[in-house]
**Q** 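Here it is, the structure, as structure tokens.
Chain letters run A, B, ... following the sequence lines, proteins first and then strands; every chain starts at 1.
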Protein chains: 2
Amino acid sequence: MPRSTRRRPALAHPATEEIDLFDVLHALSDPTRMTIVRVLRAEPERACGTFPVDVAPSTLSHHFKVLRESGLISQREEANRRFSALRAADLEHRFPGLLDTVLAAHDRTASGAVSGVGSGAGAGARVEGGEEG
Amino acid sequence: MPRSTRRRPALAHPATEEIDLFDVLHALSDPTRMTIVRVLRAEPERACGTFPVDVAPSTLSHHFKVLRESGLISQREEANRRFSALRAADLEHRFPGLLDTVLAAHDRTASGAVSGVGSGAGAGARVEGGEEG
DNA sequence: ACGTCGCTTCGATGGATGTCGAACATCGCA
DNA sequence: TGCGATGTTCGACATCCATCGAAGCGACGT
């Protein structure tokens with residue numbers, strides 16, 4: 001048995017045509033998850049623990065699961081790290097313009113919120129999502 | 001005191017600039033409310049009880065309240081009837097293209113679900129599309 | 001080998017949510 | 001004035017949801 005990176009059940013992602021609009025809207029209606037999506041939109045990939053959100057690891061894991069099962073993100077395992085990426089192309093194919101428009105709407109609301117995205121100084125930097133609990 | 005059509009506290013609507021994206025997304029993430037919005041998009045105004053949804057009157061009232069407080073619809077009282085209308089212009093002003101894009105996404109998923117609601121508006125309000133990797 | 005790191009799963013918890021039925025208020029009509 | 005239509009509010013209820021802490025598991029460094 002290969003002891004490689006495949007012990008746990010392979011991460012389940014919905015196919016592009018299976019992506020449900022209500023799931024997407026629901027996933028996007030949470031500030032923490034919106035922050036994650038926004039960060040992911042500025043970077044091709046990122047490890048789970050490096051997002052500028054202020055929640056417990058278990059909570060973060062839950063949010064990633066919601067995002068993944070909604071089809072918004074994909075996750076890839078590498079060693080003991082899990083990298084997430086926005087399924088921008090799939091989303092664009094399934095719901096043209098949706099992601100851009102929603103993200104633009106959020107930008108308009110909280111303009112210039114995601115600090116340090118792309119600079120690698122994300123850990124510790126807080127964004128606008130996370131204190132509403 | 002004129003005991004005319006203003007006994008109940010006037011219906012509270014958020015100002016255009018007060019409309020919250022998360023409230024809108026959450027309101028739209030419910031199938032019943034999505035149906036209401038879709039119907040309203042094809043008609044300028046409609047009485048509450050005339051929507052093709054299959055829920056109890058009290059439940060419907062709840063959904064209208066959610067929609068109104070999210071800023072998606074406005075409600076006007078006339079006699080003992082309450083007419084609802086989509087705040088399309090306000091939404092467009094606040095979040096350009098959002099409503100059209102979300103509705104188009106839903107049309108794409110379940111085309112022809114709402115009886116009598118033919119896709120009326122919705123053409124080309126797309127914002128800067130095309131960017132994914 | 002042992003401990004640490006990264007992340008998940010489990011169990012619990014408090015709050016929000018969708019749903020209903022019953023009761024209430026307003027208006028129009030006979 | 002009484003009744004039916006329209007729609008709301010209230011109370012109840014089951015479910016979902018975001019959150020946390022504790023425990024577990026695989027990978028890696030010392």
Side-chain angles (χ1 to χ4, degrees), chain A residues 1-12 20 22-36 45-51 53-70 73-85 122-124 129-133, chain B residues 1-12 20 22-36 45-51 53-70 73-85:
Chain A
M1 303 166 8
R3 242 146 137 277
S4 53
T5 43
R6 267 228 39 256
R7 306 304 305 255
R8 281 188 280 236
L11 299 174
D20 182 69
F22 293 118
D23 291 343
V24 171
L25 293 178
H26 171 249
L28 253 19
S29 71
D30 180 273
T32 299
R33 291 192 290 259
M34 176 67 85
T35 298
I36 293 172
E45 214 175 33
R46 191 153 179 151
C48 288
T50 68
F51 284 82
V53 293
D54 196 19
V55 292
S58 53
T59 303
L60 196 54
S61 193
H62 158 71
H63 284 310
F64 276 113
K65 185 183 178 188
V66 172
L67 285 169
R68 175 166 42 83
E69 293 182 343
S70 77
I73 69 170
S74 62
Q75 288 189 301
R76 172 179 70 87
E77 285 185 326
E78 181 176 304
N80 60 346
R81 281 217 169 110
R82 187 169 288 191
F83 288 89
S84 300
E131 72 281 349
E132 46 278 296
Chain B
M1 307 312 197
R3 54 177 60 219
S4 51
T5 45
R6 272 218 43 250
R7 304 303 309 255
R8 282 188 279 238
L11 299 174
D20 183 67
F22 294 118
D23 290 344
V24 170
L25 293 178
H26 171 249
L28 253 21
S29 71
D30 180 274
T32 299
R33 292 192 290 259
M34 175 67 87
T35 298
I36 292 172
E45 215 175 32
R46 191 153 179 152
C48 288
T50 68
F51 285 82
V53 293
D54 196 20
V55 293
S58 53
T59 303
L60 195 55
S61 193
H62 159 71
H63 284 310
F64 277 113
K65 186 182 177 188
V66 173
L67 286 169
R68 175 165 43 82
E69 292 183 345
S70 77
I73 70 169
S74 62
Q75 287 188 302
R76 171 179 71 86
E77 285 185 326
E78 182 175 302
N80 59 348
R81 280 218 167 109
R82 188 170 285 191
F83 288 90
S84 300

**Q** CG of A:Leu28 to OG of A:Ser70: how many Å apart, nearest 0.5 Å?
**A** 8.0 Å
**Q** For D:dA18, take OP1 and OP2 only and decide whether either is under 4.0 Å from a side-chain N or O of A:His26.
**A** yes
**Q** Would you please confirm or rule out a distance under 4.0 Å between OP1 or OP2 of C:dT8 and any side-chain N or O of A:Ser61?
**A** yes
**Q** Please pick, from C:dG18, D:dC10, D:dA27, the nucleotide with the shortest atom-to-atom distance to any side-chain atom of A:Asn80.
**A**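 Nearest listed nucleotide: D:dA27.
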**Q** Within less than 4.0 Å of OP1 or OP2 of D:dT8, is there a side-chain N or O belonging to B:Arg82?
**A**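 Affirmative; the distance criterion is met.
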**Q** So how far is it from A:Lys65 NZ to A:Leu11 CG, rounded to the nearest 0.5 Å?
**A**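 Reported value, rounded in 0.5 Å steps: 11.0 Å.
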**Q** Return the set of residues passing ring pair (Phe, Tyr, Trp, His ring centres under 6.0 Å) with A:Phe22 (not counting sequence neighbours), or none when no residue passes.
**A**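 Per chain and number, A:Phe22 pairs via ring pair (Phe, Tyr, Trp, His ring centres under 6.0 Å) with B:His106.
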**Q** For B:Arg33 and C:dG18, is the shortest distance between a side-chain N/O and OP1 or OP2 below 4.0 Å?
**A** yes
**Q** I need the A:Phe64 CZ to A:Thr59 OG1 distance, nearest 0.5 Å.
**A** 12.0 Å
**Q** NA contact type, A:Val66, heavy-atom cut-off 4.0 Å: base, sugar-phosphate, or nothing?
**A**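 Counting heavy atoms under 4.0 Å across all strands, no contact is made by A:Val66.
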**Q** Check every strand shown and say whether B:His63 touches a base, only sugar-phosphate, or nothing at a heavy-atom separation below 4.0 Å.
**A**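 It contacts sugar-phosphate atoms only.
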**Q** What's the closest nucleotide to the side chain of A:Ala79 if the choices are C:dT19, D:dA27, C:dC27?
**A** D:dA27
**Q** Just N and O in the side chain of A:Thr59: are any of them under 4.0 Å from OP1 or OP2 of D:dC20?
**A** yes
